[in-house]
Number of protein chains: 2
Amino acid sequence: MTPPKKRIAILGSTGSIGQQTLDIVRANPDRLQVEVLTAQNNADLLIEQAIAFEPNAVVVGEEKYKYVKEALQKHDIKVFTGADALCQVVQMETVDIVLAAIVGFAGLRSTIAAIEAGKPIALANKETLVVAGALVTALAKEKGVNIYPVDSEHSAIFQCLAGEFHNKIEKIYLTASGGPFRGKDTKFLSSVTKAEALKHPNWSMGAKITIDSATMMNKGLEIIEAGWLFGLKPEQIEVIIHPQSIIHSLVQFEDGSIKAQMGLPDMKLPIQYALFYPQRIASTFKRFDFAAYPSLTFEKPDMQTFPAIQLAYEAMKKGGNLPCVLNAANEIAVGAFLNDEIRFNDIPAVVEKCMNKVNYIATPSLPDYIASDTEARKEAQSLTKKKISL
Amino acid sequence: MTPPKKRIAILGSTGSIGQQTLDIVRANPDRLQVEVLTAQNNADLLIEQAIAFEPNAVVVGEEKYKYVKEALQKHDIKVFTGADALCQVVQMETVDIVLAAIVGFAGLRSTIAAIEAGKPIALANKETLVVAGALVTALAKEKGVNIYPVDSEHSAIFQCLAGEFHNKIEKIYLTASGGPFRGKDTKFLSSVTKAEALKHPNWSMGAKITIDSATMMNKGLEIIEAGWLFGLKPEQIEVIIHPQSIIHSLVQFEDGSIKAQMGLPDMKLPIQYALFYPQRIASTFKRFDFAAYPSLTFEKPDMQTFPAIQLAYEAMKKGGNLPCVLNAANEIAVGAFLNDEIRFNDIPAVVEKCMNKVNYIATPSLPDYIASDTEARKEAQSLTKKKISL
């Protein structure tokens, strides 16, 4: 007996995760069916995807709405635009699972809308939990919604927890490649270029997350995300640098036993696992071979040179709206770095200054988060314009 | 609500595994209670253990029966001797789980008796499955008996399979330290001493298994054992040398994902896991620290220098009574080496000659196994007396 196809809404289908999700759909035509595709700006790719996968609906940014609407007029595909439309399509009865891969704070509202409608979430948008983890996890619990992590590190932890949910976690190790600037010092970082920062040694990802990997803010965000996903305190989460990116993360249980999930760096595996959990689907993904990796190495992160990790721990410990402020300030700072407005080292400096400046709120509501996000962005923008330095 | 104590029969309580099991009982007085202790020769330790843990019954080798009986006469502990007594005590209604840690072929009958009585088995005696895997697994299935592996490698695989029993295994990696002679050549091995062979770099174990680690026959036996425990073909089992003995083994699933179980080399962890599965009990076992292991390394085994692995694959492929013959010949050869009767390199040579000599039986019964075991031992003894050389 073949189970019915899972109908999937892919939020952010033209991004790196979105495209790889469509690769998985292509490889599993009997198991998956695309119900919704959404994109902000990349209209041509969205049109191409829509024609290939024939979703029920697409949602696109307002500037590209007319263009996409016209391109798809001969197809039986509804075309929408706007934040409200995004929230409505994920709630459609025909959607079985939502892959949330919109980058940044922008992904929050639609993810919350999907949880409100009881849709299981394959979560690639880490900001959802970083910014509003308390609110989102409480809502998911209330609605009985499962959140399946897509980030390779969190997927690794989640895979290690299969069959172990009754056993207490003593600690987890989040592995980090260390990015392109591992082993460098602050002086070196003060003069790195955009092109250098965009060269990740192991993973092929979008620009925002690649810069976050270079500053190690990505690991900082993952620490906060892991806290919410797995119910962990800051002191239960340790970052370990593992330059080969083969062990994707590890869980240590109360008996001292450690479980690790490993493999070649390939986001398709965690995406597929999130879509089909608890079932593993046979794949043709390239296999890991010890012959190519005779040595797996580990070192402590350099938190002096990469202060982003410390900032994230601090935000996690203090909680409230601080992770939201950290995230918003970081988004603006990374954008400013990519626009050549600030230097690499200014990114964590901007974040730290914003964390100290924006008003602390201990138990924020969703409007509070939105206000903190706005305030932090404004503050960060003013700092980046002033070209502050360390 | 406290669950009732598990009443445990420890077969081979004075050996390395038996003693470590009693350490676990000592650390968990609310969870475990010793019901049966058995030993062959080490009467003084058995008496000490019996007085400390007050089992219902002990079984000891015939030579030490009177001595133990007298020593325990003031205690409310039954003392028995003989192979039949061993089989009877494990079947007692008051036994909840049997830890099978008698070394070698001698452990087979009592393990089968325990399975026949429907007792769950924590299996440290790998010969049970190596010698008679077809018979034992069929019986366990018929009786609905779970076999929990205690060998660190098989426990690692078993731990990785928690929550994954519905997912197909693509392959497993059994890790091996490589023993004290890793990187050496055949010429070097021809002159190694007993003392050198008994120095295992990572694990503290009994003499028989330590020599088996040096010849790598231990890994060969584990390949065959893994085949029966996890329903794998020879080509699904790969041996990888990992000198640090931190990753205890790995499972690769059909989606390409690999799960590994790790930790410091300490048999107490797999013993405890087997006794309490699926629950993990908080322990004070020393924790692994990446700072002490900045590099985990891997290499292919040298099957030319260590032919035991190849012999085991061959025995597994041909099946029938060949693994039984391999095991019996190896037990005799290891004994002869420990008695300074043959050289180190003669161990696999004796095994190979016996495998070629003893009559092949495709689907042996238990009496066939016993006959093959006897025939192989006789043949191996005759070879070791002749001091054959390579």
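Keep in mind the model is a prediction, meaning the values are calculated, not measured. Protein chains get the first letters and strands the later ones, always in sequence-line order, with residue 1 at the start of each.
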*Asks:* Indicate whether any N or O donor in one side chain lies under 3.5 Å from an N or O acceptor in the other, for A/Glu254 and B/Ser283.
*Replies:* no
*Asks:* In terms of heavy-atom pairs under 4.5 Å with chain A, which of B/Leu269, B/Thr297, B/Thr284, B/Ile240 leads?
*Replies:* B/Leu269
*Asks:* For A/Glu235, is the CD atom crowded, meaning more than 12 foreign heavy atoms sit under 6.0 Å from it?
*Replies:* yes
*Asks:* Just give me the residue among B/Gln252, B/Lys259, B/Arg287 that pairs up with chain A most often, heavy atom to heavy atom, under 4.5 Å.
*Replies:* B/Arg287
*Asks:* Would you say A/Lys168 and B/Arg280 make side-chain contact, with heavy atoms under 4.5 Å?
*Replies:* no
*Asks:* Please find the pair of heavy atoms, one from A/Tyr273 and one from B/Asp255, that lie closest to each other, and give the distance.
*Replies:* CD1-OD2, 4.3 Å
*Asks:* If you tally heavy-atom pairs under 4.5 Å against chain A, which of B/Ala260, B/Ala156, B/Gly163 wins?
*Replies:* B/Ala260
*Asks:* Assess, by modelled atom type and distance only, whether the side chains of B/Ser295 and A/Ser295 contain a donor and an acceptor separated by less than 3.5 Å.
*Replies:* yes
*Asks:* Using non-hydrogen atoms and a 4.5 Å limit, figure out which bit of A/Leu161 sits close to chain B: side chain, backbone, both or neither.
*Replies:* neither
*Asks:* Flag the one option from B/Leu264, B/Ile246, B/Ile281, B/Ile247 with the top tally of heavy-atom pairs under 4.5 Å to chain A.
*Replies:* B/Ile281
*Asks:* With a 4.5 angstrom heavy-atom cut-off, could you sort out which part of A/Gln159 is near chain B: side chain, backbone, both or neither?
*Replies:* both
*Asks:* By a 4.5 Å heavy-atom criterion (distance strictly below it), what part of A/Leu296 contacts chain B: side chain, backbone, both, or neither?
*Replies:* both
*Asks:* Quick check for you: among A/Gly256, A/Gly263, A/Ala291, which has the greatest number of heavy-atom pairs under 4.5 Å with chain B?
*Replies:* A/Gly256
*Asks:* Which heavy-atom pair separates A/Phe298 from B/Tyr293 by the least distance, and what is that distance?
*Replies:* CD1-O, 4.0 Å
*Asks:* Measuring from atom CD of A/Gln279 to atom CG of B/Asn167, what distance do you get when rounded to the nearest 0.5 angstrom?
*Replies:* 7.0 Å
*Asks:* Give me the atom names and distance for the closest heavy-atom approach of B/His166 to A/Pro278.
*Replies:* NE2-O, 2.6 Å
*Asks:* For chain B, which candidate among A/Lys300, A/Glu170, A/His248 shows the most heavy-atom pairs at distances under 4.5 Å?
*Replies:* A/Glu170
*Asks:* Is B/Glu299 in contact with chain A via its backbone, its side chain, both, or neither, using a 4.5 Å heavy-atom distance?
*Replies:* neither
*Asks:* Do the side chains of A/Gln261 and B/Ile258 get nearer than 4.5 Å, heavy atoms only?
*Replies:* no
*Asks:* At their closest point, which heavy atom of A/Tyr173 faces which heavy atom of B/Phe288, and how far apart are they?
*Replies:* OH-O, 3.8 Å
